[in-house]
Amino acid sequence: MIVEWCTQFLDPRASKDLDIPRALIILNQPFSVSLLKTLWATSEWHSCADGGANRLYDVLGTSGHPDLRNSDIKSRFLPDMVKGDLDSLRDDVRLYYASLNVPVIYDSNQDSTDLMKCVQALEEKERLTGREFEIVILGGLSGRLDQTVHTLSYLHKLRKTRKRVFTVTDDNVGWVLDEGEHLIHINHDVLGQTCGLLPVGIDSTILTTTGLRWNLDNTESSFDGLVSTSNHLVPGQDVTIKTSKPIWWCAELREH
């Protein structure tokens, strides 16, 4: 069976897809207003992982941005919850969201990260509603290396229990392809030229691809050997990937 992938949520012209409910989790890393607006509009449920609420609050207060002239801009982007151990959440941000009845939930469990706590909250919502959400994580691939590695590791593990989890920054989008065959529908208006296949969390994999400038044909990829970085998407073409082990796929974003 070929697994199909689409990054419609990155297209500012798109809207919520009622057939594919989508959840946005905002992490404590910088992002642009334009990316936030796109991801927010194409998501149904929004949460902030601890200090991610600081980022949301602060970016919406950026002076000089044409979309931020209305004083009520922050109230137009209210998350459904803020959750974490709250060691990074500023007092002024906590008070602001609490005053607008946004649940600010303290979870002291030190065996789970703030991202994991938000995913657990979403899974509880799924159990109550009987609906399964795609997850889009805003952040997670920049900043501290240990946090980046956690994101890589966590999504690698989530592939076993969830169909689709994406992580997005202003520079790129990435997700884990499980072993098997995949078709990635490429929106060339949104994605830039450069892409990569990263053998993270595995000894090696065998890759066969189409739609890339430098395709792989039954080629072994590993940290000790070949890693397909700085590959290029071919204009007008989608990408197919066959992999014998789970692998990270990433592609750069055009300026937005």
Side-chain angles (χ1 to χ4, degrees), residues 7 9-10 16 20-32 35-60 74 77-91 93-98 100-144 146-170 173-176 248:
T7 55
F9 57 87
L10 292 169
K16 296 185 183 74
I20 308 176
R22 190 171 293 117
L24 176 65
I25 300 176
I26 300 173
L27 303 187
N28 188 9
Q29 292 183 352
F31 52 84
S32 66
L35 180 59
L36 171 69
K37 285 180 60 181
T38 297
L39 298 181
W40 194 279
T42 54
S43 300
E44 176 180 326
W45 186 81
H46 314 92
S47 68
C48 295
D50 199 346
N54 299 341
R55 300 287 184 173
L56 177 63
Y57 181 91
D58 290 344
V59 77
L60 294 174
K74 287 188 178 68
F77 290 86
L78 289 180
D80 290 278
M81 69 167 52
V82 178
K83 187 174 183 182
D85 62 9
L86 307 186
D87 64 338
S88 300
L89 183 65
R90 298 200 313 265
D91 288 341
V93 177
R94 182 205 297 253
L95 290 172
Y96 174 78
Y97 286 121
L100 293 172
N101 299 316
V102 174
V104 179
I105 302 170
Y106 171 65
D107 185 334
S108 62
N109 184 358
Q110 293 304 302
D111 292 327
S112 63
T113 64
D114 296 324
L115 168 58
M116 295 167 70
K117 291 174 171 64
C118 287
V119 171
Q120 290 161 3
L122 176 63
E123 290 175 342
E124 178 59 27
K125 177 181 177 67
E126 290 175 326
R127 284 190 289 271
L128 293 173
T129 63
R131 305 170 72 209
E132 183 176 356
F133 286 69
E134 283 188 354
I135 298 177
V136 178
I137 299 166
L138 178 50
L141 297 179
S142 60
R144 281 172 36 193
D146 61 334
Q147 292 180 338
T148 298
V149 170
H150 167 68
T151 302
L152 298 174
S153 170
Y154 187 44
L155 266 65
H156 184 87
K157 296 169 185 172
L158 280 178
R159 83 185 195 282
K160 300 175 182 177
T161 58
R162 305 201 64 91
K163 289 183 179 178
R164 288 177 174 81
V165 184
F166 305 88
T167 184
V168 185
T169 69
D170 280 286
V173 58
W175 65 90
V176 176
W248 264 84

Got a second to check how far [X]'s [atom1] is from [Y]'s [atom2], nearest 0.5 Å?
X      : Y      : atom1 : atom2 : value
Arg55  : Leu60  : CZ    : CG    : 13.5 Å
Lys83  : Leu122 : NZ    : CG    : 10.5 Å
Phe166 : Leu10  : CZ    : CG    : 8.5 Å
Leu95  : Leu100 : CG    : CG    : 11.0 Å
Leu89  : Tyr106 : CG    : OH    : 12.5 Å
Gln147 : Thr151 : CD    : OG1   : 7.5 Å

Non-hydrogen atoms of [X] and [Y] that approach each other most closely:
X      : Y      : value
Ala53  : Cys48  : N-CB, 3.5 Å
Phe77  : Leu56  : O-CD2, 3.6 Å
Asp50  : Gly84  : CB-CA, 4.4 Å
Thr167 : Gly139 : OG1-O, 2.6 Å
Gly51  : Asn28  : O-OD1, 3.4 Å
Trp40  : Leu78  : CZ2-O, 3.4 Å

**Request:** For the residue pair Asp80 and Ser47, confirm or rule out a side-chain donor-acceptor distance under 3.5 Å.
**Result:**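 Checked: Asp80/Ser47 side chains show no N/O donor-acceptor pair below 3.5 Å.
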**Prompt:** Does the pair Leu138 and Leu27 meet the rule for a side chain to side chain contact (heavy atoms under 4.5 Å, CB included), with working shown?
**Reply:** CA-CA 6 Å; Leu138 178 50; Leu27 303 187; over 6 Å; no
Determine whether [X] and [Y] make a side-chain contact, defined as any pair of heavy atoms from C-beta on separated by less than 4.5 Å.
X      : Y      : result
His46  : Ile26  : no
Trp175 : Val165 : no
Val168 : Val136 : yes
Phe9   : Ile20  : no
Phe31  : Thr169 : no
Leu141 : Leu152 : yes
Asp85  : Thr113 : no
Arg164 : Glu132 : no

**Request:** Step through the shown structure and confirm whether more than 12 heavy atoms of other residues, nucleotides or ligands are within 6.0 Å of CG on Asp91.
**Result:**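 No - once you tally the heavy atoms of other residues, nucleotides and ligands closer than 6.0 Å, there are 12 at most.
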**Prompt:** Trp45 pairs by side-chain contact (heavy atoms from CB on, under 4.5 Å) with which of Arg131, Met81, Arg22, Glu126?
**Reply:**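 Only one of Arg131, Met81, Arg22, Glu126 forms a side-chain contact (heavy atoms from CB on, under 4.5 Å) with Trp45, namely Met81.
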**Request:** Could you go through the side chain to side chain contact (heavy atoms under 4.5 Å, CB included) check for Ile105 and Val82 one step at a time?
**Result:** CA-CA 6 Å; Ile105 302 170; Val82 178; over 6 Å; no
**Message:** My understanding is that only residues two or more places apart in sequence, or in another chain, count here; which of them pass salt bridge (charged side-chain N to carboxylate O under 4.0 Å, His left out) with Arg159?
**Reply:**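 Per chain and number, Arg159 pairs via salt bridge (charged side-chain N to carboxylate O under 4.0 Å, His left out) with Asp178.
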**Request:** In plain terms, say whether Glu44 and Lys125 are close enough for a salt bridge, that is, a side-chain N and a carboxylate O under 4.0 Å apart.
**Result:**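 Looking at Lys125 together with Glu44, the answer is no, because their closest N to O distance does not fall below 4.0 Å.
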**Message:** Any carboxylate oxygen within less than 4.0 angstrom of a Lys/Arg side-chain nitrogen, looking at Arg162 and Glu134?
**Reply:**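 Salt bridge between Arg162 and Glu134, a charged N being under 4.0 Å from a carboxylate O: no.
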Is [X] reaching over with its side chain to a backbone N or O of [Y], donor-acceptor style, under 3.5 angstrom?
X      : Y      : result
Asp170 : Leu35  : no
Lys117 : Asn109 : yes
Ser153 : Val149 : no

